[in-house]
Amino acid sequence: MKVVIIGGVAGGATAAARLRRLDENAEIIILERSGYVSYANCGLPYYIGGEITDREALTLQTPESFFRRFRIDVRTRQEAVRIDRKEKRVLVHNLADGTEYTESYDKLILSPGARPLIPDISGTDAPGVFHLRTVEDTFRIYDYIAQKQPKSAAVIGGGFIGLEMAENLKSRGLDVTLLQRSGQVMPPLDADMASIVHNYMRAKGIALRLRASVTGISASEGSLNVRLAESDPVSAELVILAVGVVPENHLAKEAGLALSMKGAIRTNSHMQTDDPDIYAVGDAVEVIHFVSGEHAVISLAGPANKQGRVAADHICGVPRHFKGSQGSSVLKLFDMTIASTGLNEKSIRAAGMDFDSVIIGSASHAAYYPEAASMTIKVLFEKGTGKILGAQIIGFGGVDKRIDVLAVAIRSGMTAWDLTELDLAYAPPYSSAKDPVNMAGYVIENLLEGRVKQIHWQALETLPENAVVLDVRTPEEYAMGHLDCTLHIPVDELRERMGEIPAGRPVYVHCQSGLRSYLACRILSQKGFDCYNIAGGYAFYDNLVRGASPDPEGAGPCGMKIK
């Protein structure tokens with residue numbers, strides 16, 4: 001059996017190694033357009049920023065090491081330009097010497113990845129304008145910075161690559177402006193959680209410009225002017241295009257293979273295309289979202305590796321299935337960790353599900369143990385069943401651990417009640433006796449069982465006219481910032497001062513993080529008040545308002561006073 005693999009990195013390289021482990025006699029050829037067959041794609045920004053200092057550390061395998069270990073024929077700088085499905089041949093262009101040749105196959109695996117989306121504006125090819133996809137791109141950016149010594153950079157796009165590049169360029173000493181066309185960075189996050197990221201980026205010295213639509217780039221007196229539709233241009237000496245990626249589909253399209261509406265290659269659960277002798281894996285393929293069951297394009301290394309293994313297994317007669325991706329991801333931004341798994345609000349609504357969410361603030365481990373760090377956790381769940389649909393966590397410690405637990409919970413079809421019963425490891429340096437994941441389950445459980453009612457801060461603008469907004473924080477917390485429209489009664493004084501709350505009116509309660517307001521609602525509801533807990537607390541509202549506007553004075557539905 002002869003297997004030709006087009007593209008290396010995650011999916012292609014994994015498929016090749018798995019094929020060899022299953023079939024010692026197979027002839028396996030990898031055709032890789034770049035000069036590197038297996039490299040740490042996700043580590044590229046950190047080489048630019050100086051976190052990774054050894055160029056060779058970016059290369060996981062070389063053609064020589066692949067051959068020594070697996071006897072696989074790896075050909076770098078070899079670009080597949082056409083597939084002849086009838087003759088089962090691939091036309092290959094040797095980029096080193098310009099020659100062309102054909103390579104036959106019994107089975108073909110496409111792993112071309114995704115290419116950077118280049119916006120349809122002028123100036124994207126100007127000197128000093130870069131995108132980041134390959135090791136070669138990384139070295140070009142690194143060398144440009146070393147040679148030209150730019151003092152400023154504009155990063156266009158606020159996804160994974162955009163934020164990682166903003167951090168690493170800032171770490172190199174550049175003044176960084178990040179331009180995002182929509183109203184938030186990090187599309188996997190909901191807007192309210194993204195606001196936490198906005199505030200942190202600004203605090204770290206990143207000039208964040210939201211709703212900034214770039215119309216063109218032009219060179220002027222040694223710098224680049226990034227023109228914007230709504231405001232004055234941004235001047236920078238270096239520009240990074242990071243507006244997203246699209247599936248690299250031209251080979252599949254020209255070969256007549258089925259594509260999705262978004263241009264991704266369609267496959268079955270074995271990663272077979274509609275040609276049974278051609279498989280496709282990685283960022284170029286369409287997958288089923290594990291939670292919603294909807295078709296999706298999820299460009300992440302983890303799913304690509306799994307798909308490569310599934311394709312190799314099926315070629316070798318192992319009936320393996322890829323059961324879908326839930327988009328679990330994590331990002332480092334300076335000292336902050338941003339993570340998500342499953343569906344966000346937008347995708348849940350698109351899937352037509354009835355859902356709600358809870359937001360809790362928690363410490364990464366026992367608060368009395370030194371260096372406990374804060375986390376904000378949002379868990380989305382299906383009403384009625386309590387099934388966990390998605391989660392987002394932002395914080396400064398313990399984030400990766402909790403998102404992985406919630407990713408497993410989603411994969412296992414767990415409900416909020418299951419979260420309360422998870423037996424997770426505890427010691428003061430690592431967690432709390434009631435882990436934050438357990439706490440999220442308790443909060444959802446209380447909602448589902450009717451012990452408390454909640455609203456989200458976004459609903460504050462639509463409260464009934466006779467509503468009472470009750471702030472149950474301490475006087476010191478209230479003095480640090482509050483809403484004009486609130487009645488302030490600390491929770492520890494609530495039982496004695498309940499008479500100050502107008503009778504017969506709905507009461508909407510908040511504290512700093514959501515716990516004391518829950519306690520207040522339990523007190524008030526048992527005394528006959530129609531009480532609602534405002535999810536997330538004042539700290540979350542503060543982030544929400546500041547995230548949209550760096551100057552929140554007087555902002556919000558009833559004014560906001562910040563000292």
Side-chain angles (χ1 to χ4, degrees), residues 3-16 18-19 29-34 36-39 41-42 44 76 78-83 85 90-93 105 107-118 131-135 137 159-161 242-290 294-312 314-315 322-327 329:
V3 182
V4 175
I5 302 172
I6 299 175
V9 196
T14 296
R18 178 65 170 173
L19 281 166
I29 299 171
I30 299 178
L31 303 172
E32 169 58 44
R33 178 173 54 189
S34 76
Y36 300 84
V37 63
S38 179
Y39 55 88
N41 196 299
C42 298
L44 300 181
T76 56
Q78 309 283 306
E79 181 177 14
V81 294
R82 188 168 65 250
I83 301 169
R85 291 169 56 187
V90 178
L91 177 63
V92 185
H93 180 208
Y105 65 85
K107 301 293 183 181
L108 180 66
I109 300 177
L110 301 179
S111 180
R115 57 182 171 82
L117 180 61
I118 306 301
H131 60 258
L132 180 62
R133 178 189 185 188
T134 66
V135 175
D137 296 333
F160 289 93
I161 294 295
V243 299
V245 296
V246 292
E248 187 73 87
N249 65 5
H250 72 277
L251 274 176
K253 185 176 182 179
E254 291 175 5
L257 298 175
L259 303 177
S260 72
M261 291 291 290
K262 294 183 178 180
I265 304 169
R266 284 208 160 136
T267 66
N268 61 20
S269 63
H270 304 302
M271 307 314 298
Q272 275 177 307
T273 68
D274 54 346
D275 183 324
D277 292 322
I278 301 179
Y279 294 72
V281 301
D283 295 351
V285 305
E286 179 185 70
V287 299
I288 297 297
H289 196 290
F290 181 81
E294 302 288 332
H295 292 286
V297 179
I298 298 175
S299 300
L300 294 169
N305 277 287
K306 297 175 181 68
Q307 292 158 15
R309 183 182 177 93
V310 167
H314 193 256
I315 288 172
F322 182 71
K323 298 178 181 179
S325 173
Q326 63 196 64
S329 63

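Just so you know, residue 1 is the first one in the sequence shown, and it goes up from there. Being a predicted model, the structure only gives us computed values, none of them experimental.
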Side-chain contact, heavy-atom cut-off 4.5 Å: Ile83 with Tyr105?
yes

Using modelled atom types and a 3.5 Å cut-off, is there a donor and acceptor pairing between side-chain atoms of Glu79 and backbone atoms of Val81?
no

Say you draw a straight line from CG of Leu44 to CD1 of Ile161; how long is it, rounded to the nearest 0.5 Å?
7.5 Å

For the residue pair Thr267 and Gln272, establish whether any side-chain heavy-atom pair is separated by less than 4.5 Å.
no

Minimum heavy-atom distance between Ser269 and Val310, given as atom pair plus value
O-CG1, 3.7 Å

Would you say Ile315 and Tyr279 make side-chain contact, with heavy atoms under 4.5 Å?
yes

Determine the minimum heavy-atom distance between Ala311 and Val281, stating which atoms define it.
CB-CG1, 3.9 Å

For His131, give me all partners under ring-ring contact (aromatic ring centres under 6.0 Å, His included), at least two apart in sequence or on another chain.
none

Which heavy atom of Gln326 sits nearest to which heavy atom of Phe290, and what is that distance?
OE1-CD2, 4.0 Å

Does any N or O in the side chain of Thr14 come within less than 3.5 Å of the main-chain N or O of Arg309, such that one atom is a donor and the other an acceptor?
no

Determine whether Ile298 and His289 satisfy the following criterion, side chain to side chain contact (heavy atoms under 4.5 Å, CB included), listing intermediate values before the conclusion.
CA-CA 8 Å; Ile298 298 175; His289 196 290; 3.9 Å; yes

Side-chain heavy-atom pair Phe160, Ser329 within 4.5 angstrom cut-off:
yes

Side chains of Ile5 and Leu19: does their closest heavy-atom pair fall under 4.5 Å?
yes

Does Asp137 reach the main-chain N or O of Thr134 with its side chain, forming a donor-acceptor pair under 3.5 Å?
yes

Has the side chain of Gln307 got a donor or acceptor atom that lies under 3.5 Å from a matching backbone atom of Gly282?
yes

Calculate, to the nearest 0.5 Å, the distance between atoms CZ and CG belonging to Phe322 and Asn268 respectively.
12.5 Å

Between CZ on residue Arg266 and CE on residue Met261, distance to nearest 0.5 Å:
8.5 Å

Count the heavy atoms belonging to other residues, nucleotides or ligands that lie under 6.0 Å from CZ of Arg133, then report whether that count exceeds 12.
yes

Smallest separation among heavy atoms of Ser299 and Val245, with atom names:
OG-CG2, 4.1 Å

Over all heavy atoms of both residues, which pair between Ile278 and Arg85 is shortest? Give the atoms and the distance, please.
CD1-CG, 3.9 Å

Side-chain polar contacts of residues 107-118 - donor-acceptor pairs under 3.5 angstrom, sequence neighbours left out - could you list them?
unit_1, atom_1, unit_2, atom_2, d
Lys107, NZ, Asp277, OD1, 2.7
Ser111, OG, Gly12, N, 3.0

Indicate every side-chain donor-acceptor pair of residues 249-259 with a distance under 3.5 Å to a residue at least two apart or in another chain.
unit_1, atom_1, unit_2, atom_2, d
Asn249, ND2, Gly263, O, 2.8
His250, ND1, Glu248, OE2, 3.4

Of all heavy-atom pairs between Ala10 and Ala304, which one has the smallest distance, and what is that distance?
CB-CB, 4.0 Å

Determine whether a donor-acceptor pair (N or O, by modelled atom type, separation under 3.5 Å) exists between the side chain of Glu286 and the backbone of Ala264.
no

